[in-house]
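Here's the structure, in structure tokens; my notes come after.
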Amino acid sequence: MTSRLDQARRIVVKIGSALLVEGQQGHLRRAWLNALADDLAALRHDGHEVLIVTSGAIAIGRRHLGLASGPLRLEESQAAAACGQIRLAHAYQEALGRHEIGVAQVLLTLDDTEGRRRYLNALSTLNTLLRLGAVPVVNENDTVATGEIRFGDNDRLAARVAMMASADALVLLSDIDGLYDQDPRKAPDAKLIPEVTAITPEIIAMGGKAPAGDSSGGMETKLIAAQIATRAGCDMVIADGRIEHPLQAIRNGSACTWFTADENPAGARKRWIAGSLKAAGTLTVDDGALAALERGRSLLPAGVTAVDGRFERGDAVLVKGPDGQEIGRGLVAYSCDDARTIAGHKSGEIEGLLGYRGREELIHRDDLVMS
Ligand code: GLU
């Protein structure tokens, strides 16, 4: 039997501070990271795309700045993150460099990914990196985060990255091998649940509250992550990351908990575009564009006859046919001002008109849902 992980095309792997950084000392566990990099290289070799979401910046940085153990003030966490992030990124670069794999640092705030707003920019960057063969190494941009930096935030961030990137699988490497029906630290007969097909109140109750300590967000944030991921059509697995070669272990069928999604990421994304976004404007298209859209093509600026409303790149807009009937909706790749400038023009003219080389499509077919 092949593991679900083997069936996923695009995989996000989330790595927590506790796995990567040794206790209070703030030392990086290089042997472990190298073994993980071997697993990532093996996945890529077998045709999977991989993205990493990693914590550890604060844990590494605090040692270098000589901050005492114990809780940090927000500005101290941010300073530690600024110092640690550079080392963290470098560690991945070295570990994956052993396999001649390039890495690229992507710092996001939860805001960038919230409800997928502003997601278009981040998404095109991630897609471009993957196309060019680099592994995106994502962390929260802690130095500009306005809220308290909470351990466990990266579980949510990873789920949002998985959603944004339409990943098929999200792996949360943890200090526990999955979800148990009772707290395994208190109940010796607690049983691991191998598969969760719906995140019911009973399942949430099994997660309990986050344990004390600063190494893990606990099960609660992982279940929130599972909700975000599975709604976006992405399967999620909680697996033991403490062992060496944790991804290989999942592929070999070792114990873990899979949260399965009912639909695929493309379907979930289209449902999101069709259902839950308020349209900020309207693009009216000519007959030629209408026919092309009906054949499943993207919307090019050349076929647009009118641009109404005020919108930014990434906002949802309605698409109307020449008779004013709504024919679909999608996420627009240009602001309303730029869209007005390029409407009716060939894609090759975009650079001359706007002074920069943007997308060829006004709405890419992956971002378009026909009514
Ligand atoms: N972004 C934080 C860091 O890199 C960690 C957040 C988390 O552990 O969830 O140190």
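Between Val12 and Ala167, the closest heavy-atom pair is CG2-CB, 3.8 Å. Pairing each heavy atom of Leu293 with each of Met370, the nearest pair is CB-CE, 3.7 Å. Here the closest heavy-atom approach between residue Phe311 and residue Gly281 is recorded as CD2-CA, 3.9 Å. Of all non-hydrogen atoms in Cys83 and His64, the two that sit nearest each other are SG-CB, 3.7 Å. Between Pro184 and Ala190, the shortest heavy-atom distance links the atoms CA-CB, 3.8 Å.
Within the 4.5 Å cutoff, no side-chain heavy atoms of Lys346 are placed close to those of Pro301. Considering only heavy atoms from C-beta on, Leu43 stays 4.5 Å or farther from His45 through its side chain. Residues Leu368 and Ser298 form no side-chain contact, since every pair of their non-hydrogen atoms from C-beta on lies 4.5 Å or further apart. Looking only at side-chain heavy atoms (C-beta outward), Ile273 and Leu331 come within less than 4.5 Å of each other. Side-chain contact between Leu170 and Phe259 is absent, with no heavy atoms from C-beta onward closer than 4.5 Å. You'll find the side chain of Asp240 stays beyond 4.5 Å of the side chain of Ser174, heavy atoms only. Looking at Met163 and Ile228, their side chains come closer than 4.5 Å, going by heavy atoms from C-beta outward. With contacts defined as side-chain heavy-atom distances shorter than 4.5 Å, the pair Ile176/Met219 qualifies.
Using modelled atom types, one finds no donor on one side chain facing an acceptor on the other under 3.5 Å when comparing Thr305 with Asp286. A donor-acceptor contact under 3.5 angstrom links the side chains of Asn141 and Thr143, judged on distance only. A donor-acceptor pair shorter than 3.5 Å can be found between the side chains of Asp155 and Thr221.
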**Criterion salt bridge (charged side-chain N to carboxylate O under 4.0 Å, His left out) on Asp337 and Arg313, from CA distance to verdict** = CA-CA 10 Å; Asp337 292 338; Arg313 173 176 152 81; over 6 Å; no
**Request:** Could you check Gln85 against Asn139 for side chain to side chain donor-acceptor pair (under 3.5 Å), going step by step and ending with a plain yes or no?
**Result:** CA-CA 8 Å; Gln85 180 61 34; Asn139 194 359; 3.0 Å; yes
**Item:** Derivation of the side-chain contact (heavy atoms from CB on, under 4.5 Å) call for Leu126 and Met164
**Value:** CA-CA 9 Å; Leu126 294 176; Met164 205 162 63; 3.9 Å; yes
**Item:** Steps toward side-chain contact (heavy atoms from CB on, under 4.5 Å) verdict (Leu51, Val135)
**Value:** CA-CA 6 Å; Leu51 299 93; Val135 173; 5.9 Å; no
**Prompt:** Please walk me through it: do Tyr180 and Asp189 pass side chain to side chain donor-acceptor pair (under 3.5 Å)?
**Reply:** CA-CA 10 Å; Tyr180 283 79; Asp189 58 342; over 6 Å; no
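Ion pairing between Arg160 and Asp153 fails under the 4.0 Å rule for side-chain N and carboxylate O. Salt-bridge annotation for Glu49 and Arg44: absent, with no side-chain N of the basic residue lying under 4.0 Å from a carboxylate O of the acidic one. Salt bridge present: Asp235 and Arg4 bring a charged side-chain N and a carboxylate O closer than 4.0 Å. Ion pair Arg310/Asp315 not flagged as a salt bridge, since none of the NZ, NE, NH1 or NH2 atoms sits closer than 4.0 Å to an Asp/Glu carboxylate oxygen. Electrostatic pairing of Glu263 and Arg271 counts as a salt bridge here, judged by a charged N lying under 4.0 Å from a carboxylate O. Of the charged side-chain nitrogens involved, none lies within less than 4.0 Å of a carboxylate oxygen, so that Glu244 and Arg29 do not count as a salt-bridged pair. In this structure, Arg359 pairs ionically with Asp367, as a charged nitrogen and a carboxylate oxygen lie closer than 4.0 Å. The pair Arg30-Glu94 meets the salt-bridge criterion, since a charged nitrogen lies less than 4.0 angstrom from a carboxylate oxygen. Contact check on Arg10 versus Asp168 returns no salt bridge, with no Lys/Arg side-chain nitrogen under 4.0 Å from an Asp/Glu carboxylate oxygen.
A donor-acceptor contact shorter than 3.5 Å links the side chain of Arg98 to the backbone of Ala95.
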